[in-house]
Amino acid sequence: DAVRNCVSYNDEHPMDTDLFHLYREMLALVCGIYTILQTLRTINRWIGVLDRENAYTVTLRRYMLVQVLRIRWRVFVFDVLTIVLLLFLFGYFIMLH
């Protein structure tokens with residue numbers, strides 16, 4: 001109850017909100033959008049680099065193909081599921097905070 005008295009989420013007074021909560025939400029939104037845009041930009045650059053037809057990029061594409069074929073898919077899927085579970089738990093704990 002002491003925490004509820006310090007931070008008010010009262011529907012009766014819309015101006016009585018926690019500014020840190022608003023700052024945190026806006027920061028998460030801006031950082032999330034920035035991360036998505038940077039990831040898409042990087043993927044686009046790699047597609048541009050790998051689309052060239054010189055000897056270096058042909059060798060690089062072959063090397064990447066060999067690495068993809070060498071992946072142990074069961075271990076890879078297990079690792080991806082572990083990461084997704086940990087992200088879900090992280091988000092859940094953030095929401096509880």
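Leu27 and Phe20 end up in the same hydrophobic cluster when Ile, Leu, Val, Met, Phe, Trp and Tyr side chains are linked at under 4.5 Å. Hydrophobic clustering, with ILVMFWY side chains joined whenever heavy atoms are under 4.5 angstrom apart, groups Leu89 together with Leu96.
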Discussion item. Run the side-chain contact (heavy atoms from CB on, under 4.5 Å) test on Leu37 and Arg41 for me, step by step, so that the C-alpha distance in whole Å, both residues' side-chain angles and the decisive distance to 0.1 Å come before the verdict.
Written reply: CA-CA 6 Å; Leu37 291 176; Arg41 187 174 163 203; over 6 Å; no
Practice prompt. May I have the step-by-step check of side-chain contact (heavy atoms from CB on, under 4.5 Å) for Leu81 and Leu85, ending in yes or no?
Written response: CA-CA 6 Å; Leu81 289 176; Leu85 176 67; over 6 Å; no
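Residues in residues 58-84 take part in these ring-ring contact (aromatic ring centres under 6.0 Å, His included) pairs, two or more places apart or across chains: Trp73-Phe76.
To the nearest 0.5 Å, atoms CD (Glu25) and OH (Tyr23) are separated by 12.5 Å. Taking CD1 from Ile94 and CG from Leu87, the interatomic distance works out to 11.5 Å, rounded to the nearest 0.5 Å. The distance from atom CG of Leu65 to atom CG of Leu60, rounded to the nearest 0.5 Å, is 11.5 Å.
Using a 4.5 Å heavy-atom threshold, the side chains of Asp18 and Leu22 count as separate. Val66 is listed as a side-chain neighbour of Arg70, based on a closest heavy-atom distance under 4.5 Å. Two residues are said to be in side-chain contact when any heavy atoms from C-beta on lie closer than 4.5 Å; Gln67 and Met64 fail this criterion.
Judged as a salt bridge (charged side-chain N to carboxylate O under 4.0 Å, His left out), and not counting sequence neighbours, the contacts of Glu53 are Arg61. Take Arg52 and apply the salt bridge (charged side-chain N to carboxylate O under 4.0 Å, His left out) test, not counting sequence neighbours, and it matches no residue.
Counted by atom type alone, Asn54 and Thr57 present one or more donor-acceptor pairs between their side chains at under 3.5 Å.
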